**Q** 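Pasting a structure below so you can have a look.
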There are 2 protein chains.
Amino acid sequence: MNLRFSIHLNDKLALRDPEATELGRKIVRQGLILMHQLGYEHFTFKKLAEAIETKEASIYRYFENKHRLLLYLLTWHWNLMEYAVLLAINNTEDTRLKIKKVVGLLCHSIPEGIEDVGLDKKALRDLATSESNKVYLIKEVDEINKVQLFKPYKDLCHRIAELFSAYAPQYPYPRSLASTVLEASRFQPYFLEHLPSLTDFTQNSAPDGLLHFLETLVFSTLDATIKSEF
Amino acid sequence: MNLRFSIHLNDKLALRDPEATELGRKIVRQGLILMHQLGYEHFTFKKLAEAIETKEASIYRYFENKHRLLLYLLTWHWNLMEYAVLLAINNTEDTRLKIKKVVGLLCHSIPEGIEDVGLDKKALRDLATSESNKVYLIKEVDEINKVQLFKPYKDLCHRIAELFSAYAPQYPYPRSLASTVLEASRFQPYFLEHLPSLTDFTQNSAPDGLLHFLETLVFSTLDATIKSEF
DNA sequence: ACCGTGCGATAGTATTACTATCGAACACAA
DNA sequence: TTGTGTTCGATAGTAATACTATCGCACGGT
């Protein structure tokens, strides 16, 4: 990933580049807000069109359907996260500290000043929390994967897995641990808000509780591997 | 949970008891097969009606909508899992062994002869793998939770969390660990099949690889707590 | 003055997700 | 046997969703 990651979006994401026009930018920015407000299921292009005072058909010129818009928004989120991860670990020597910083990024909101893409970062994170599974838990997953549309998510996962491998080279499941931690960092806050008995946190203790939970999980697992020599 | 758990389904799940009539049983049994085949999004009551040679309106007499049918099916799955968990730990003394057995249950398919409910257990598990998030990752989550419809899932999670607490009383996040392991036991096989680079398994190594991954995760975390006295 | 692009405007279609009503068939009870 | 209730088939209809297609104007650049 390079510094201007914004220009390397997969061209299958959108029918035309939404960042190139005023309407395109409105679709993406307001689409994020509205999809988060209504939830993916209740979100429609018609409602978005009314919100930004345009027509449904105009939105379809940019995105094939709402699933692609969601994927577009999540791609931004994953790219931003990977960028934040790279920034955090580039000026750090100690691998253990790198991992700590990355887990911190997963638990807290994206630090300000990372790169202003004009998207509401909190909304982006919230959207990822509640809707991101819906981009791949569908029958079309293999087709979409074939044209590389999940690459940003995988890249993020691989970056984290690399750190785990660097810290504990003998550990045999770095990628599974990375994807598990990534998923847990979204699920646990969602559970806390809606199904709190599935967690041990309280509204006050989170996100520090979550941070501690994930750090303990990761380091216990990796350290055990180091000690036992597997 | 008692032995005849089948009779204690929440009455808000269905408009009338589908086990009481021939049509109701067909809706549930064929609904499971068809929803798994088509995926939740492409599944409709109209298609199910054609498959079982009845009318759409007749299905609506049993379930408000397809979301409730999914919830009904998953409730069976969770109840079955909890029952299997209870069976597995009741004739075991050692807490560590209990946990091992339960993790085994999460990774492998439900043992035969547990109780024939007439539902295809493999299909039920596959449905849970790919669709179960969709029952709670929606705007209506709080309403549904209010009428206790997620209780079976929570109960299962709590059973597992209790074991963790029994094994490592000082560990502060037994429920979060349980929900994380529960989710991971579904996500990892799904990733293996569709987005394999998010895992470290191969089609051959799974599900033993998954079992080892989760066991290591759980015991490393709990054992670390015991040693460090937190 | 010409040309392409973006977009508004309108229209139309198939499918989805329901809701309502009616009447035949049957089951059981008086 | 007659009444009563329940199930289910059959039909109809509605509002919303998820698109697709076409036309023509306004604009910015060449």
Side-chain angles (χ1 to χ4, degrees), chain A residues 11-31 34-73 131 134-135 137-140 143-144, chain B residues 11-31 34-73 131 134-135 137-140 143-144:
Chain A
D11 60 4
K12 300 238 165 75
L13 262 180
L15 297 172
R16 68 177 69 169
D17 180 13
E19 290 302 316
T21 65
E22 182 57 29
L23 180 63
R25 286 185 291 270
K26 268 163 101 179
I27 290 170
V28 171
R29 278 153 192 66
Q30 282 299 308
L34 195 64
M35 196 184 290
H36 174 233
Q37 263 176 27
L38 301 178
Y40 181 72
E41 287 74 17
H42 297 301
F43 173 88
T44 68
F45 278 176
K46 192 175 178 87
K47 290 173 185 168
L48 176 58
E50 278 160 22
I52 60 178
E53 290 176 309
T54 182
K55 299 287 159 175
E56 211 185 347
S58 300
I59 300 178
Y60 277 104
R61 292 193 182 105
Y62 286 84
F63 294 99
E64 277 180 57
N65 50 49
K66 68 176 174 175
H67 186 267
R68 286 298 162 104
L69 175 57
L70 174 60
L71 193 48
Y72 183 90
L73 291 166
E131 317 293 355
K134 296 167 192 172
V135 293
L137 288 176
I138 51 170
K139 280 289 164 188
E140 296 82 1
E143 296 166 44
I144 296 175
Chain B
D11 60 3
K12 299 236 164 79
L13 261 179
L15 297 172
R16 69 177 69 170
D17 180 14
E19 291 302 316
T21 66
E22 183 57 31
L23 180 63
R25 287 185 290 269
K26 270 163 100 181
I27 290 170
V28 170
R29 278 152 191 66
Q30 282 298 307
L34 195 63
M35 196 184 289
H36 173 233
Q37 263 175 28
L38 301 177
Y40 181 73
E41 287 75 17
H42 297 300
F43 173 89
T44 67
F45 278 176
K46 191 176 179 85
K47 291 173 186 170
L48 176 58
E50 279 159 22
I52 61 179
E53 289 175 308
T54 183
K55 300 286 160 177
E56 209 185 347
S58 299
I59 300 178
Y60 278 104
R61 290 194 184 104
Y62 286 84
F63 294 98
E64 279 179 56
N65 50 49
K66 66 175 175 176
H67 186 267
R68 285 298 160 105
L69 175 56
L70 174 60
L71 193 49
Y72 183 90
L73 291 167
E131 318 293 354
K134 295 167 191 170
V135 293
L137 288 176
I138 50 170
K139 280 291 163 186
E140 296 82 2
E143 296 165 46
I144 296 174

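If you're wondering where the values come from, they're calculated on a predicted model, not measured in any experiment. Each chain gets a letter, A, B and so on, in the order the sequences are listed, and its residues count up from 1.
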**Q** Tell me: CD1 of B:I59 to P of D:dT7, nearest whole Å?
**A** 16 Å
**Q** Any chance you could lay out the salt bridge (charged side-chain N to carboxylate O under 4.0 Å, His left out) test for B:K134 and B:E131, step after step, and finish with the verdict?
**A** CA-CA 6 Å; B:K134 295 167 191 170; B:E131 318 293 354; 2.5 Å; yes
**Q** How does each nucleotide of nucleotides 6-20 of chain C score, in 5' to 3' order, for protein heavy atoms under 4.0 Å: base (B), sugar-phosphate only (S), or none (-)?
**A** SBBBB-----SBBBB
**Q** Could you tell me how far apart B:L15 (CG) and D:dT7 (P) are, to the nearest whole angstrom?
**A** 12 Å
**Q** Could you note down all residue pairs passing side-chain hydrogen bond (donor to acceptor under 3.5 Å, both in side chains) where residues 18-30 of chain A supplies at least one of them, sequence neighbours left out?
**A** A:E19-A:R29, A:T21-A:Y62, A:E22-A:R25
**Q** Hey, does B:I52 have a side-chain heavy atom less than 4.5 Å from the side chain of B:L34?
**A** no
**Q** Taking the side chain as every heavy atom from C-beta outward, state whether A:H42 and B:E140 have any pair of such atoms under 4.5 Å apart.
**A** yes
**Q** Report yes if the side chains of B:P18 and B:I27 come closer than 4.5 Å at any heavy-atom pair, otherwise no.
**A** no
